[in-house]
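This report concerns only the one structure given below.
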Number of protein chains: 2
Amino acid sequence: MKAEPVKNEDEPKDKRLKGGDAQKLTMAEVAKYVGVSAMTVSRAFRQDASVSEETRKRIMEAVDALGYVLDLSAGSLSSRRSGFIAALVPSINNSNFSDTARGITDALEDTGLQLLLGYTDYSAEKEEKLIEAMLRRRPEGIILTGGSHTDRARRMLDKAGIPVVETWEIPEEPINHVVGFSNSEAMSLLVRALASQGYRRFGYIGGTTARDTRGSQRRSGFLRTVEELGLGPGRAISFGVPPISMEQGGQAIVSLLERWPDTEVVLCVSDLSAFGAIMECKRRGMRVPEDIAIAGFGDYEISSICHPSITTINVDCYGIGRQAAARLLDALQGSGETTGDEITLTGYRVVLRESTDRSAQ
Amino acid sequence: MKAEPVKNEDEPKDKRLKGGDAQKLTMAEVAKYVGVSAMTVSRAFRQDASVSEETRKRIMEAVDALGYVLDLSAGSLSSRRSGFIAALVPSINNSNFSDTARGITDALEDTGLQLLLGYTDYSAEKEEKLIEAMLRRRPEGIILTGGSHTDRARRMLDKAGIPVVETWEIPEEPINHVVGFSNSEAMSLLVRALASQGYRRFGYIGGTTARDTRGSQRRSGFLRTVEELGLGPGRAISFGVPPISMEQGGQAIVSLLERWPDTEVVLCVSDLSAFGAIMECKRRGMRVPEDIAIAGFGDYEISSICHPSITTINVDCYGIGRQAAARLLDALQGSGETTGDEITLTGYRVVLRESTDRSAQ
DNA sequence: TCTCAAATTGTTATCGATACCATAATGCTT
DNA sequence: AAGCATTATGGTATCGATAACAATTTGAGA
């Protein structure tokens, strides 16, 4: 029987090219250095634990002197708490969603929870893969965008037994918690607001694919409302795959106006395409809103700055993130008291700006 | 065999408050179910391991049937490989940086490595905290933005003994790897390009704080080059704390033109402030570039779409991310062969557009 | 002074997967 | 047929922290 099957001390060969002394420092070594047990060191790292102030101080000094950094992967294994929250957004380049991500991060500050962020690129398949990758890290909760998931994704989430928050829309079959709003209703509100200003011939830019459910909902909200108001069939144009870029917004409005030249106002699936559309119009010498009025969705920073400023729907992106995280924290700390499956509706409002200013016409 | 595509589990569901049966399923149970050892199941999950195809298939079927999800926190503890790469960016709302984040994520795909993303809000203190939080997860490598770090941050990174990549600039004292470019030189190039078009009276918008080192470098590149070209002292305006928003760009140009009304061309620290400046000018009835030429930095999507389109410096944001990740992967797999501490220079180029079109004047 | 509860610290057994080594089975060579 | 490399699989000891429980000290009240 071999007494020494393990290499006790890894010889500092050229294992690490980098400078630092890369010996692994453990809690036990810190403990020995201070003259306490590892358990006491562990306790010193958590604020609730009972360690005398004097001992904690000595431990922390040692931690500092030795340069010890807590190892959470070990900790989470034994405590069975990963300290992770997972969040999936369609895109991190879209500032609406990165605002939501920021809201989540901010809400998580000082909770000891860390955000694992992934982007699905508007694909349910990619979402499924990401969900699995995330679950392998055993997150304590997960925040999703939208309510459209593959069956396997649903099964995995169900099995995981962790709180789930779906955001940014109201799913038909919520998994668990929801923090969102009706994209269809929001777009409807915008149509009504513009109709009440006297606009009659409405156009729409934005596709209807399974990839972007929120976009589809906005579109259907548009079509339904135009119909309801008796303003004939809405004139809707699809262009490219979601998310529609600024450039595609420009191309789309050209098509739309070629097909229906007498259109008075065009609503876009997002401010980005609205911006592209407006700029294309200006480039072609058309005046906005005098010749054509254009509105967007999402109230991106660009829309208030742009000249003309862009009429839009303001959505509380950051708040969605904060509230989603808050729901999760609640579910985690609330010891199961809170009834799950509640829907938190977030607000939105029409922001009328120059791009649809009727008085200019 | 059940034929029902049920959406809930077939077991009584009032077991826990949440849907799924949340009993923890371990590899050992999967192994028992299949009739092999846990070790074999573990091997079946890695592609390189030697497991007969037949066994692997049986295992994977069992995994599927039982709904087992690998637990990486346990795995990384014993394998001493976390599977994490950490990356810190100043802001996730800035699309330049989110492009970089996307580049990193894409480069990491299929490597089995996962990205831990954090944003520092342009603060070295926040960066220090984040570095510690990240190191607690024992990332195998870390990507930072910029070269300005606190001493403690440097010490922690050194001690961690993992490859570090600093991006987006060329630090004076690189920690390890660098993937970036000289912001000062890039801005200088833009100044020269515009000077060669005949512009003489140059203005600049963008502060010089320690918070945004890239911004400071651009500013000093501007001032230095204007000086070198014998174009008198540059007229530079600071406004607000970094990152300068679109709105602040608008306010800044007003100040600048009040102070130096004869300015011919204004360079901005980023396209965002340039856009804000242009829109403010248009709002005030000034023509761009006829009355005032304006240029930005970063080649955001907005700049090619905007009317007038915005002259800028194109930086390969996405490529910076990809290359940074590639350097890390290289350092990790390269078995220490590669010499560390190399600097990878990324490209940039002047993109002349309408906003500085001299022929329009 | 003694008792009991609270505060503080220590000991031991995990958490769940994987490294490492051993072993069994298979195939190919001479 | 023996020899040996190769492939497939199992057994055991960790990885590093923490939960759970035990032990010790301290202080207040009887």
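Throughout, a chain's letter reflects where its sequence line sits, starting with A, and its residues are numbered from 1. Owing to the predicted nature of the structure, the values given are computational and were not obtained by experimental measurement.
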Using a cut-off of 4.0 Å on non-hydrogen atoms, how would the nucleic acid contact of A:S37 be classed: base, sugar-phosphate, or nothing? base
Hey, does B:S50 reach any base, or is it just sugar-phosphate, or nothing, if we go heavy atoms under 4.0 Å? base
Taking atom C1' of C:dT9 as reference, at what distance in whole Å does atom CD of A:E54 sit? 13 Å
Nearest-Å distance for atom pair CZ/P, residues A:R43 and D:dA22: 14 Å
Any luck finding a side-chain donor-acceptor pair between A:Y119 and A:N93 under 3.5 Å? no
Between C:dT9 atom C1' and A:R58 atom CZ, what is the distance in whole Å? 12 Å
Any side-chain N or O of A:S52 below 4.0 angstrom from OP1/OP2 of C:dT9? yes
Tell me the interatomic distance from A:L77, atom CG, to D:dT14, atom P, rounded to whole angstroms. 17 Å
C:dG10 C1' sits how many Å from A:K32 NZ, rounded? 16 Å
Side chain of A:R46 only, please: which of D:dA19, C:dT9, D:dG16 is the nearest? D:dA19
Return the value, rounded to whole Å, for the distance between atom CZ of A:R81 and atom P of C:dT14. 22 Å
Scan A:T55 against the nucleic acid and name what it touches under 4.0 Å (heavy atoms): base, sugar-phosphate only, or nothing. sugar-phosphate
Compare the minimum distances between each of D:dG11, D:dT9, D:dG16 and the side chain of B:M39, then state the nucleotide with the smallest one. D:dG11
Have B:E128 and B:T150 got a donor and an acceptor in their side chains that come within less than 3.5 Å? yes
With heavy atoms under 4.0 Å as the rule, sort A:M27 into base, sugar-phosphate or nothing. sugar-phosphate
Using a 4.0 Å heavy-atom cut-off, does B:V41 contact any base of the nucleic acid, only the sugar-phosphate backbone, or nothing at all? nothing
Nearest-Å distance, CG (B:L72) to P (C:dT18)? 8 Å
To the nearest 0.5 angstrom, please state how far the OG1 atom of A:T120 sits from the NE2 atom of A:H149. 10.5 Å
Residue closer to the 5' end of DNA chain C, A:V51 versus B:A74 (nearest nucleotide): A:V51
Of the listed nucleotides C:dT9, D:dT18, C:dG16, the one nearest the side chain of B:S78: C:dG16
A:T55-A:S52 side chain donor-acceptor pair, cut-off 3.5 Å: yes
N/O (side chain, B:T40) to phosphate O (OP1/OP2, D:dG10) under 4.0 Å: yes
Out of D:dA17, D:dA19, C:dA19, whichever nucleotide has its closest atom nearest the side chain of A:S79: D:dA19
Round to the nearest Å and state the distance from A:I59 atom CD1 to D:dA17 atom C1'. 14 Å
Distance-only donor-acceptor test (3.5 Å): side chain B:R80, base D:dG16: no
Could you verify whether a donor N or O on one side chain and an acceptor N or O on the other, from A:S73 and A:D71, lie under 3.5 Å apart? yes
Is it the case that the side chains of B:Q114 and A:R137 hold a donor-acceptor pair, with the cut-off being a distance below 3.5 Å and no angle test? yes
